[in-house]
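What follows is a set of notes on a single structure, which appears directly below.
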Amino acid sequence: MDSEGIEFTFHHIGLACRSLLPEIKTHERLGYAREGATFHDPIQQINGVFMAHGPVRIELIEPAGEHSPVRNILEKGIKMYHQCFAVDDLEHAISALEAYGARLITGPVPAVAFGGRKIAFLMLRTMLIVELVEK
């Protein structure tokens, strides 16, 4: 728990990829297994799938359209681009991180990957992108 009384529960690391299928096959060879089906999120303009290896969960994400923000990430040569944390009160967690100097990038918006629960992306002062998801 941080000083604001917010519990940030680690959920996953987001990996950008140009195409899901080769990434899924590669991660399966490394011992990862799919967690659920591939999904499409029209709001975020991505296709994705969660995979787990023991306690480690990753989200493989490919762009699903010309205006997908994942295209910009890939063009910069970035692969691992966000960490996701589940929080009880999304608005309170956003406010607490903004007070610490974070900048809201996206959200709150509903997310297909989380059954419509809201998510938000923030850029921390350290340049780390953090995704927050409602518990």
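Just so it is clear, the model here is predicted, and its values are computed rather than measured. Atom set for the values below is all heavy atoms of this structure, side chains included, hydrogens, waters and symmetry mates excluded.
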Do the charged groups of Lys79 and Glu23 touch, with an N to O distance under 4.0 Å?
yes
Could you tell me whether Arg57 and Glu35 have a side-chain N and a carboxylate O separated by less than 4.0 Å?
yes
Begin from the C-alpha positions of Leu74 and Arg18 and carry the test side-chain contact (heavy atoms from CB on, under 4.5 Å) through to its verdict.
CA-CA 7 Å; Leu74 290 167; Arg18 296 192 188 287; 3.6 Å; yes
Please tell me if the side chains of [X] and [Y] come closer than 4.5 Å, counting only heavy atoms from C-beta onward.
X	Y	answer
Phe121	Leu104	no
Lys135	Thr9	yes
Ile105	Ile129	yes
Ile6	Val87	yes
Phe114	Ile119	yes
Leu132	Val130	yes

Minimum heavy-atom distance between [X] and [Y], given as atom pair plus value:
X	Y	value
Pro110	Gly116	CB-O, 3.5 Å
Ala86	His11	N-CB, 4.5 Å
Pro69	Gln44	CD-O, 3.5 Å
Asp89	His92	OD1-N, 3.1 Å
Leu90	Pro108	CD2-CB, 3.7 Å
Cys17	Pro63	O-CD, 3.4 Å

How would you list, by chain and number, every residue that makes a side chain to side chain donor-acceptor pair (under 3.5 Å) with [X], sequence neighbours excluded?
X	answer
Lys118	none
His27	none
Glu131	His12, His82

Single-linkage hydrophobic cluster [X]~[Y], side-chain heavy atoms < 4.5 angstrom:
X	Y	answer
Ile61	Leu21	no
Leu20	Leu30	yes
Phe8	Val133	no
Val70	Val109	yes
Leu97	Met123	no

Quick one, Arg103 with Glu98, criterion side-chain contact (heavy atoms from CB on, under 4.5 Å). Give me CA distance, side-chain angles, the key distance, then yes/no.
CA-CA 6 Å; Arg103 179 176 53 87; Glu98 286 178 327; over 6 Å; no
So, the side chain of [X] versus the backbone of [Y]: is there a donor-acceptor pair under 3.5 Å, distance only?
X	Y	value
Glu62	Asn47	no
Ser68	Ile46	no
Arg29	Thr26	no

Run Leu60 and Ile58 through side-chain contact (heavy atoms from CB on, under 4.5 Å) and show every step you take.
CA-CA 6 Å; Leu60 300 175; Ile58 60 173; 3.9 Å; yes
About how many Å separate CE of Met80 and CD1 of Ile13, when rounded to the nearest 0.5 Å?
5.5 Å
Under the ring-ring contact (aromatic ring centres under 6.0 Å, His included) test, which residues partner His53, sequence neighbours left out?
Tyr32
ring-ring contact (aromatic ring centres under 6.0 Å, His included) involving Tyr100 - partner list, sequence neighbours excluded
none
Test of understanding: with side-chain contact (heavy atoms from CB on, under 4.5 Å), list the residues that count as partners of Ile78, not counting sequence neighbours.
Ile73, Lys76, Tyr81
